[in-house]
K.L.:
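Structure below; questions to follow.
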Amino acid sequence: MSNKGIIVFVFILITSTTFSQTGHFDRLDFLMGEWIGKGSGFGNDSSKIVSSFNLIMDGEYLEIENESWFDPTEKNPEGEHHVDKGIIYYDNTKRVLTFNQFNNEGYVNQYVFNDSLSNDSVLVFETVSIVNFVPGGKARWIIEKLSVNKIKTTFDVSFPGRAYTCFGTNILTKKKSIMCDKEPKVTGIGGIFFFSDNPEKAKEWYRENLGINTNEWGASFESRNATNPDEVNYLQWSPFEKGSEYFSPSQKDFMINYRVQNIEKLVDNLKQSGVTIVDSIETYDYGKFIHIMDPEGNKIELWEPIDTGLTEIGGETTK
């Protein structure tokens, strides 16, 4: 190998060793994926939260997104919606994990990983700077591993000259585990769809005579989960133009949507039982869908819901 080749080889070796993130995220590995749960604090009684932790750019960065919907209070009857996004990366110069976080309130936080306060089950990040906050104020973000599928996050704030105070906590469960650990089955009705000679007139009639709050798709009925009263669930009611291909290959004038859990396993079971599967699972922000046929030629829509996705979309509902 020539001298030039040796120099290039050494440069590549040093670059890949010094600047690669490989291995630096090992202690955060249990966080990878999507999470859903409830929170308390932040000046409100309770909140619903969804979070995600995903490696991006060939594993060089860890992307974090948190979104919370806070329940209405007497002081804030409309509730609150909080969003923060950020990136964790390894600072080779300082030899520390660094977290740059951006909040919809305008705060920009830069945290560094505090190894002395952390262990295999607890991760502690502390700010070195906060933009648009009280000068001299500090924040601390703590992630505690409660089990393989459950974590607790705590947000502490310190104002100048004062000790840290807990501003809020969240208990989160990994989304995939929520469904995959459950028996694959139907849990309720998710929607009622039917043919109409004139869907717009039908919606108008139901709105004027029966008080249903309609929209361009029909209407959304809001209810509470019987086993988790804090969770809002939805049922979609929709008149379709007569002959719509959405009902195909069924020749019937209606279609029912069923709420299900563990849709992947349920579909596997249906295939083994010889049930006709019309299409494949499609995933949206508000859940997963697939269509099957029953023995009498009725097309059935199966929906594994993410109701918080519909809450985010918003709009009038019927309660």
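Quick note: numbers below take in every heavy atom, side chains included, and nothing from hydrogens, waters or symmetry partners.
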K.L.:
Taking side-chain hydrogen bond (donor to acceptor under 3.5 Å, both in side chains) as the definition, give me every residue that meets it alongside N114, ordered by chain and number, with sequence neighbours left out.
P.N.:
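Here the qualifying residues are S116, E126.
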
K.L.:
Salt-bridge test for E63 and K85: reply yes if a basic N is under 4.0 Å from a carboxylate O, no otherwise.
P.N.:
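No salt bridge links E63 with K85.
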
K.L.:
Using side chain to side chain contact (heavy atoms under 4.5 Å, CB included), reason through N298 and M293 one step at a time and then give a plain yes or no.
P.N.:
CA-CA 6 Å; N298 298 306; M293 299 294 291; over 6 Å; no

K.L.:
Mind listing the closest non-hydrogen atom pair of G106 and N132 along with its distance?
P.N.:
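Closest approach of G106 to N132: O-ND2, 2.6 Å.
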
K.L.:
How about F247 and F195: are their ring centroids closer than 6.0 Å?
P.N.:
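Ring centroids of F247 and F195 are less than 6.0 Å from each other.
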
K.L.:
Apply salt bridge (Lys or Arg N to Asp or Glu O under 4.0 Å) to R27 and D115, showing your working.
P.N.:
CA-CA 11 Å; R27 295 174 71 174; D115 190 69; 2.4 Å; yes

K.L.:
Can you give me the closest heavy-atom contact between S248 and K299, atom names plus distance?
P.N.:
O-NZ, 2.8 Å

K.L.:
Using a 3.5 Å distance criterion without hydrogens, assess whether the side chain of Q110 forms a donor-acceptor pair with backbone atoms of Q101.
P.N.:
no

K.L.:
Is it the case that one hydrophobic cluster holds both L266 and V275, taking links as side-chain heavy atoms less than 4.5 Å apart, direct or via other members?
P.N.:
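Cluster IDs for L266 and V275 match.
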
K.L.:
Hydrogens and angles aside, do S220 and Q236 bring a side-chain donor and acceptor to less than 3.5 Å of each other?
P.N.:
yes

K.L.:
For E241, is the CD atom crowded, meaning more than 12 foreign heavy atoms sit under 6.0 Å from it?
P.N.:
yes

K.L.:
Looking at N213, is its backbone amide N or carbonyl O close enough to the side chain of T318 to form a donor-acceptor pair, meaning the two atoms are under 3.5 Å apart?
P.N.:
yes

K.L.:
Checking E67 now: which residues fulfil side-chain hydrogen bond (donor to acceptor under 3.5 Å, both in side chains) with it, not counting sequence neighbours?
P.N.:
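Only H81 meet the side-chain hydrogen bond (donor to acceptor under 3.5 Å, both in side chains) criterion with E67.
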
K.L.:
Exactly one of F254, F194, F193 should register a ring-ring contact (aromatic ring centres under 6.0 Å, His included) with W237. Which one does?
P.N.:
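For W237, the ring-ring contact (aromatic ring centres under 6.0 Å, His included) check succeeds only for F194.
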
K.L.:
Could you state whether L117 and V122 fall into the same hydrophobic cluster, counting links through intermediate Ile, Leu, Val, Met, Phe, Trp or Tyr residues with side-chain heavy atoms under 4.5 angstrom apart?
P.N.:
yes

K.L.:
For residues I192 and S238, determine if any side-chain heavy atom of one lies less than 4.5 Å from a side-chain heavy atom of the other.
P.N.:
no

K.L.:
I292 versus T276: any side-chain heavy-atom pair under 4.5 Å?
P.N.:
no

K.L.:
Is S158 reaching over with its side chain to a backbone N or O of R162, donor-acceptor style, under 3.5 angstrom?
P.N.:
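Between the backbone of R162 and the side chain of S158 there is a qualifying donor-acceptor contact (under 3.5 Å).
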
K.L.:
Under 3.5 Å, side chain of N104 to main-chain N/O of V83, donor-acceptor pair present?
P.N.:
yes

K.L.:
Are V131 and F167 linked, directly or through intermediate hydrophobic residues, by side-chain heavy-atom contacts shorter than 4.5 Å (ILVMFWY only)?
P.N.:
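No, F167 does not connect to V131 through the hydrophobic network.
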
K.L.:
Check whether N103 reaches the backbone of E105 with its side chain - one donor and one acceptor, N or O, closer than 3.5 Å.
P.N.:
no

K.L.:
Would K174 and F30 count as a cation-pi pair here, with the cationic atom under 6.0 angstrom from the ring centre and within 45° of the axis?
P.N.:
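Output no; distance or angle outside limits.
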
K.L.:
Can you establish whether the number of heavy atoms outside D120 located under 6.0 Å from its atom CG is more than 12?
P.N.:
no

K.L.:
Looking at every heavy atom in both N149 and W35, which two are closest together, and how far apart are they?
P.N.:
O-CZ3, 3.4 Å

K.L.:
Would F99 and I142 show up in the same hydrophobic cluster when neighbours are defined by side-chain heavy atoms closer than 4.5 Å?
P.N.:
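They do not share one cluster, since no chain of ILVMFWY contacts under 4.5 Å joins F99 to I142.
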
K.L.:
Taking all non-hydrogen atoms of both residues into account, name the closest pair between K138 and T127 and its distance.
P.N.:
CA-OG1, 3.5 Å

K.L.:
Quick check: does any side chain N or O of S46 sit under 3.5 Å from a backbone N or O of S40, one acting as donor and the other as acceptor?
P.N.:
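Here the side-chain-to-backbone pair does not exist.
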
K.L.:
Under a 4.0 Å N-O cut-off, is there an ion pair linking R259 with D307?
P.N.:
yes

K.L.:
Quick check: is I263 connected to I189 through a chain of hydrophobic side chains (ILVMFWY, heavy atoms under 4.5 Å apart)?
P.N.:
yes

K.L.:
Report the C-alpha separation of L270 and L302 in whole Å, then their side-chain angles, then the decisive distance to 0.1 Å, and conclude whether the side chain to side chain contact (heavy atoms under 4.5 Å, CB included) test is met.
P.N.:
CA-CA 12 Å; L270 293 172; L302 303 179; 4.0 Å; yes

K.L.:
Quick one: sort the Y286 and F289 rings into parallel, tilted or perpendicular, breaks at 30° and 60°.
P.N.:
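Ring orientation of Y286 relative to F289: perpendicular.
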
K.L.:
Evaluate the criterion side chain to side chain contact (heavy atoms under 4.5 Å, CB included) for residue pair T187 and Y258; output intermediate values, then yes/no.
P.N.:
CA-CA 7 Å; T187 61; Y258 292 94; over 6 Å; no

K.L.:
Report yes or no: do D91 and T98 form a side-chain donor-acceptor pair below 3.5 Å?
P.N.:
no

K.L.:
Verify the neighbour count for atom CD of E296: are there more than 12 heavy atoms of other residues, nucleotides or ligands below 6.0 Å?
P.N.:
no

K.L.:
Going by heavy atoms in the side chains, are W303 and Y284 under 4.5 Å from each other?
P.N.:
no

K.L.:
Run the numbers on E264 and K288 for salt bridge (Lys or Arg N to Asp or Glu O under 4.0 Å), then give the verdict.
P.N.:
CA-CA 9 Å; E264 283 87 358; K288 298 178 181 180; 2.6 Å; yes

K.L.:
Evaluate the side-chain proximity of I56 to I87: yes if any heavy-atom separation is below 4.5 Å, no if none is.
P.N.:
yes

K.L.:
Determine the minimum heavy-atom distance between V278 and P249, stating which atoms define it.
P.N.:
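Between these two residues, the closest heavy atoms are CG1-CD, 4.2 Å.
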
K.L.:
Is there a side chain to side chain contact (heavy atoms under 4.5 Å, CB included) between L62 and L28 once you walk through the steps?
P.N.:
CA-CA 9 Å; L62 175 58; L28 283 64; 3.5 Å; yes

K.L.:
Taking atom NZ as the centre, does K242 end up with more than 12 heavy-atom neighbours from other residues, nucleotides or ligands that are less than 6.0 angstrom away?
P.N.:
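No, not enclosed.
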
K.L.:
What closest approach, in Å, do G297 and S250 show between heavy atoms, and which atom pair accounts for it?
P.N.:
O-OG, 3.1 Å

K.L.:
On the 0 to 90° scale, with breaks at 30° and 60°, tag the Y111-F125 ring pair as parallel, tilted or perpendicular.
P.N.:
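Rings of Y111 and F125: perpendicular, as their planes differ by over 60°.
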
K.L.:
Say whether, by atom type as modelled, one donor and one acceptor occur between the side chain of N209 and the main chain of W205 under 3.5 angstrom.
P.N.:
yes

K.L.:
Begin with the C-alpha distance, continue with both residues' side-chain angles, and end with the deciding distance and a verdict on ring-ring contact (aromatic ring centres under 6.0 Å, His included) for F155 and Y164.
P.N.:
CA-CA 10 Å; F155 182 70; Y164 277 108; 9.5 Å; no

K.L.:
So does I151 get a backbone contact from the side chain of E144, meaning a donor-acceptor N/O pair under 3.5 Å?
P.N.:
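Side chain of E144 to backbone of I151, a donor-acceptor pair under 3.5 Å: no, none is there.
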
K.L.:
Can we say E204 and R207 salt-bridge, meaning some charged N sits less than 4.0 Å from an Asp/Glu carboxylate O?
P.N.:
no

K.L.:
What class does the angle between the rings of Y246 and H291 fall in, given that below 30° is parallel, 30 to 60° is tilted and above 60° is perpendicular?
P.N.:
perpendicular

